[in-house]
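Working notes, structure below.
Naming convention: chains lettered A, B, ... in sequence-line order (proteins, then strands); numbering from 1 in each chain. Keep in mind that what you see is a predicted model, and the values were worked out from it rather than measured.
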There are 2 protein chains.
Amino acid sequence: MLPRDSAQPPPGVGPVPGADTRQRLLDAAERLFAERSYEATSLRQVTAAAGANLAAVNYHFGSKQGLFRAVFLRRIEPINTERMGRLAALEAGEAAGQPVVLEELLRALMEPALDLARQEDGRWFARLVGRAFSEPGEHWTAVDAEFHEVRSAFVRAFARSLPHLPPTTLGWRLFFALGVQCVLLAGASQHQRITGGLAGDLAPEVVLDELVAFAAAGLRAPAGEPGT
Amino acid sequence: MLPRDSAQPPPGVGPVPGADTRQRLLDAAERLFAERSYEATSLRQVTAAAGANLAAVNYHFGSKQGLFRAVFLRRIEPINTERMGRLAALEAGEAAGQPVVLEELLRALMEPALDLARQEDGRWFARLVGRAFSEPGEHWTAVDAEFHEVRSAFVRAFARSLPHLPPTTLGWRLFFALGVQCVLLAGASQHQRITGGLAGDLAPEVVLDELVAFAAAGLRAPAGEPGT
DNA sequence: GGCGCAATCGAACGTTCGTTTGAATGCCCG
DNA sequence: CGGGCATTCAAACGAACGTTCGATTGCGCC
């Protein structure tokens, strides 16, 4: 009677019972968590949007936090896999003699996530991820172990690509670079408001170029403080 | 019986009645809104932390949103005033012939806010502001009119300082620059977690230098997309 | 001394929250 | 055909929410 946090049934096992309530719950929760926030979203809103019974959430995911965790893991795993794959490709080239270009490293890290933002079914999740940086709450800390492997691998790669930077400086600049990415993921729909309408529409792949150019320039900035 | 949203009584008018409940409510709410979030903070937590009665919030501020608005306006007005003052000083020099250095423009915009983050009593507010970029909810939209004047003035100044950038590009890069600032405000306490402990401690004024250097380099990045 | 008023208070309002329960439902397999 | 099982369902749980109410307090001023 209580599968609690069981893995989903094998994908092609046959016609799932009821058009997969589990999936509809994940989709609805993803949208609502992104649109409002975790705290501001009630399970009644989620189940209503999913056309499911209120108790379905606790049946399939154990709790509201379990639902959040499932929403998150469903999308972040493929992204992190692709990130690691791209990084491995770059490092293979590096071992073969050609050094890693900073922009390529940034793309390997950022493009998998930004790709999501331009797909119809990933837009909500992108907004959700963008808030991981600034939103407090234990629903996030319960999930950021998923980033550990990717993070440390990329930090090492960046350190190799920018050997002249002292570790502390590099750390802060990476923090900034990741921050810009998150801000873009969270607020692409808000940039008009924030810049007062100055920034017009831009094709998504161009925004990625802008992001990579901005972050790369920031990471490569001269070491000491320049102005003033 | 109902002052609702009245302005606070004149500052030096005499010994305020009860050790200023109003002020204690603002302080407690500021900390809790920053520490948790607006949605996750209850008025009962606020009034308990302030040592006030539950009804005091609705008496002094009309509603929870009114409390949030008051928390915000109390701090943002001096900050925006200083920003405008610094900008005016730069523009005066500009009119006198010496062009505005991009780094100085960034400092005029960012230093007043970052100063807050290194003062004991402004730290919580800094964290709160940092979430304005990514946190949804009407408590924010009810307050962002306060940024209109500062925003448009600075956007014009940046456009003058970077005349070679097409407006769309400038808009996105300003969005990125403001985003980095917010990320720093929101997450200075989280950078260790996010970069995996690579970034060590850094004196706050050095972090400001790093932020300005990063943003300036990003804003000045070559126009088209550089690498691939 | 007593009126008026701003402020605080305890208590309750009606809602909504996340979670739990136990009974129905529909399907597969023996 | 019928027992077992995963799933769905309506209903209720106690707790906590934002807000409102009327009474009470304490001070300044005629």
ring-ring contact (aromatic ring centres under 6.0 Å, His included) against F176(A), all qualifying residues, sequence neighbours excluded: F214(B)
Length of the line joining F61(A):CZ and dT20(C):C1', which is rounded to integer Å: 18 Å
5′-ward residue of the pair A56(A)/K64(B) relative to DNA chain D: A56(A)
Touch class at under 4.0 angstrom, heavy-atom based, for T41(A) against every strand present: sugar-phosphate
Would you tabulate the pairs of protein nitrogen or oxygen atoms and nucleotide nitrogen or oxygen atoms of nucleotides 11-16 of chain D closer than 3.5 angstrom?
none

OP1 or OP2 of dT8(D) under 4.0 Å from side-chain N/O of H60(A): yes
For atom CD of Q45(A) and atom C1' of dG18(C), their distance in whole Å: 13 Å
Interatomic distance where CG belongs to L25(B) and C1' belongs to dT8(C) [whole Å]: 11 Å
Residues touching DNA chain D, which here means a heavy atom under 4.0 Å, drawn from residues 30-38 of chain B: none
Integer-rounded Å distance: dT19(D) P and L43(B) CG: 6 Å
Between dT19(D) (P) and N58(B) (CG): distance, integer Å: 5 Å
Euclidean distance, atom OH of residue Y59(B) to atom C1' of dT8(C) [Å, nearest integer]: 9 Å
Polar side-chain atom of S134(B) near backbone of A186(A) as donor-acceptor pair, under 3.5 Å: no
Heavy-atom pair with the smallest gap, counting every atom of V150(B) and R83(B): CG1-CD, 4.0 Å
Atom-pair distance (CD on Q65(B); P on dC17(D)), nearest Å: 18 Å
Nearest-0.5 Å distance that lies between atom CZ in R24(B) and atom CG in L26(B): 11.0 Å
Salt bridge (Lys or Arg N to Asp or Glu O under 4.0 Å) contacts touching residues 31-52 of chain A (sequence neighbours left out): R31(A)-E35(A)
E82(A): salt bridge (charged side-chain N to carboxylate O under 4.0 Å, His left out) partners, not counting sequence neighbours: R86(A)
Student check: side-chain heavy atoms of I76(B) and V143(B) closer than 4.5 Å: no
Contacts of F125(B) that satisfy ring-ring contact (aromatic ring centres under 6.0 Å, His included) - sequence neighbours left out: F72(B)
Short side-chain N/O contact to dT8(C) OP1/OP2 from T21(B), under 4.0 Å: yes
Exam field: side chain R131(B) to backbone A34(B), donor-acceptor pair closer than 3.5 Å: yes
